[in-house]
Asker: 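Can you read through this structure? Questions will come right after.
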Amino acid sequence: HNLQQYQQMLKPSTKLMAMVKAFAYGSGGAEIGNTLQFHKVDYLGVAYADEGVELRKAGVSLPMMVMNTEKETFEALVSQQLEPVIFSFTILKELDTYFKKEGIKNYPVHLEIETGMNRLGFRHDNLGRTMPPVLSSPHLRIVAVYSHAATADDPESPFFETQRAAFDRSLAALGAMVTGMLGLFVGESELFDELPGERISTPADFAAEHGNAAPVEVEQGGLRADVSQENRLFRFRASTLSYNRRRLSCCRRHNLRWFR
C-alpha cells in the first residue's frame, strides 16, 4: 500500500529508489528486496557491498547503489554488478586504478555532493576544481548525483531550503559537463517532493514505506504504519537524542519510545 502511495505521487517519468540498507531495517533483506522488485521499483540502495551481495544471492536483479564504497569490496561490486558511490578523492583514485587494472570502462557510479550534512561527499561550492578528474576518467560513468538532507523531518526548515538550493546549483554546474545524469536528493527515512525536471529520482527509505514517516506525510500521503520498532538503550544523558533532536519518554524503567 505505502509503495503504491509513493508511486502515485510521482510523475510517470520519475524513477523510484528504495533504500533497503541494514537488511531492510531488520525486516528481511531478501524478502523485501524481492517484493520491491515484483512491484517494479526502479532502483535499490544499500549501505555496504555485502548487503548487495546477499540481495543478488536472493535473486534480486534490480540496479543497486552502494553508499559506502570500500576498496576491499571492489571485486564484489563488479562481479555482482553493484554501483558504487564516489564521495572522496581517495575512493575516486582507488576505484579508477582498479578499473584500469581490470580493463573496465564506463562503469556506472554515483556521485555524492556535500551540501550541509557534513559527512561524506564533494563540496557543492568547489565542483569546478574537483570534478574534472572525476569526469575525465574513461573508466567511470556518472549515472546519478545525490546529496543528503540534514533536516529530513522538517522540510519547512530554512536549512532544508539552503541545502536544496545548493544541490540545484550543483546539478546546474554538473549538467554542463554530464549528459543523461539523474539528480537525487536524499532524506532520512522521508520522501521528498520531486525536484524540478523530468529525470529526477526520488528516494523512498524503507522505514518510510513501513509508515514510519513524518505525521504530515501520513496524513497527506495516505501512508499506513504496519511495523512498530522498540529499542533498548543502555545509557543516555539528555531528553533529546539523534536526528532532529527527537524527544524521549520513559515508558518503563528501561523501555523508551520516540516522540517526534
Side-chain angles (χ1 to χ4, degrees), residues 2-3 5-11 13-22 25 42-43 45 47 65 67-68 85-88 110-127 130 144-175 181-223 225 238-248 258-260:
N2 290 340
L3 177 60
Q5 291 297 312
Y6 283 140
Q7 291 171 329
Q8 292 172 8
M9 293 167 64
L10 303 176
K11 295 179 181 178
S13 58
T14 301
K15 296 182 181 295
L16 182 66
M17 173 184 285
M19 297 301 298
V20 292
K21 57 185 180 179
Y25 297 88
D42 299 286
Y43 248 93
M65 180 185 76
M67 300 179 72
N68 296 291
V85 169
I86 296 177
F87 51 78
S88 71
H110 300 248
L111 185 66
E112 181 173 1
I113 304 297
E114 164 53 39
T115 59
M117 187 69 172
N118 296 321
R119 287 185 177 177
L120 301 173
F122 294 93
R123 284 192 57 84
H124 67 91
D125 54 1
N126 199 29
L127 298 181
T130 58
V145 180
Y146 78 89
S147 188
H148 197 162
T151 57
D153 281 354
D154 185 13
E156 301 301 323
S157 167
F159 192 69
F160 175 86
E161 289 303 324
T162 298
Q163 281 195 269
R164 182 165 175 163
F167 186 63
D168 285 343
R169 291 193 297 271
S170 299
L171 284 182
L174 288 168
M181 178 184 64
L182 297 177
L184 177 64
F185 197 60
V186 180
E188 183 65 31
S189 302
E190 305 296 336
L191 175 70
F192 278 90
D193 292 335
E194 184 180 358
L195 295 175
E198 295 184 352
R199 291 182 58 79
I200 302 299
S201 292
T202 300
D205 198 313
F206 189 73
E209 289 181 16
H210 270 327
N212 181 23
V216 65
E217 289 186 348
V218 175
E219 295 172 2
Q220 296 180 358
L223 302 181
S239 59
T240 64
L241 190 68
S242 192
Y243 285 102
N244 297 297
R245 304 185 70 241
R246 290 189 178 96
R247 296 191 63 79
L248 286 169
W258 292 111
F259 280 80
R260 292 183 179 274

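Excluded from the calculations below are hydrogen atoms, water molecules and symmetry mates; all remaining heavy atoms, backbone and side chain alike, are included.
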Asker: Can you sort out the partners of D42 under salt bridge (Lys or Arg N to Asp or Glu O under 4.0 Å), two or more places apart, ordered by chain and number?
Answerer: none
Asker: How many angstroms lie between atom NE2 of H148 and atom CE of M67, to the nearest 0.5 angstrom?
Answerer: 6.0 Å
Asker: List for me each residue that meets side chain to side chain contact (heavy atoms under 4.5 Å, CB included) alongside N118, sequence neighbours excluded, and say none if there are none.
Answerer: E114
Asker: Report the residues that fulfil side chain to side chain contact (heavy atoms under 4.5 Å, CB included) with T162, sequence neighbours left out, ordered by chain and then residue number.
Answerer: F159
Asker: Only counting residues at least two apart or in another chain, list the ones meeting salt bridge (Lys or Arg N to Asp or Glu O under 4.0 Å) with R169.
Answerer: none
Asker: To the nearest 0.5 Å, what is the distance between OG1 on T130 and CD1 on I113?
Answerer: 7.0 Å
Asker: Give the intermediate values and the outcome of side-chain contact (heavy atoms from CB on, under 4.5 Å) for residues L111 and L174.
Answerer: CA-CA 11 Å; L111 185 66; L174 288 168; 4.1 Å; yes
Asker: Ignoring hydrogens, what is the shortest heavy-atom contact between H124 and S170? Give both atom names and the distance.
Answerer: CB-OG, 3.3 Å
Asker: State which residues pass side chain to side chain donor-acceptor pair (under 3.5 Å) with N68; sequence neighbours excluded, sorted by chain then number.
Answerer: none
Asker: Start with the C-alpha distance between H110 and Y43, add both sets of side-chain angles, then the distance that settles side-chain contact (heavy atoms from CB on, under 4.5 Å), and finish with yes or no.
Answerer: CA-CA 12 Å; H110 300 248; Y43 248 93; 3.9 Å; yes
Asker: Closer than 3.5 angstrom, by distance alone: can the side chain of Q163 be matched with the main-chain N or O of A150 as a donor-acceptor pair?
Answerer: yes
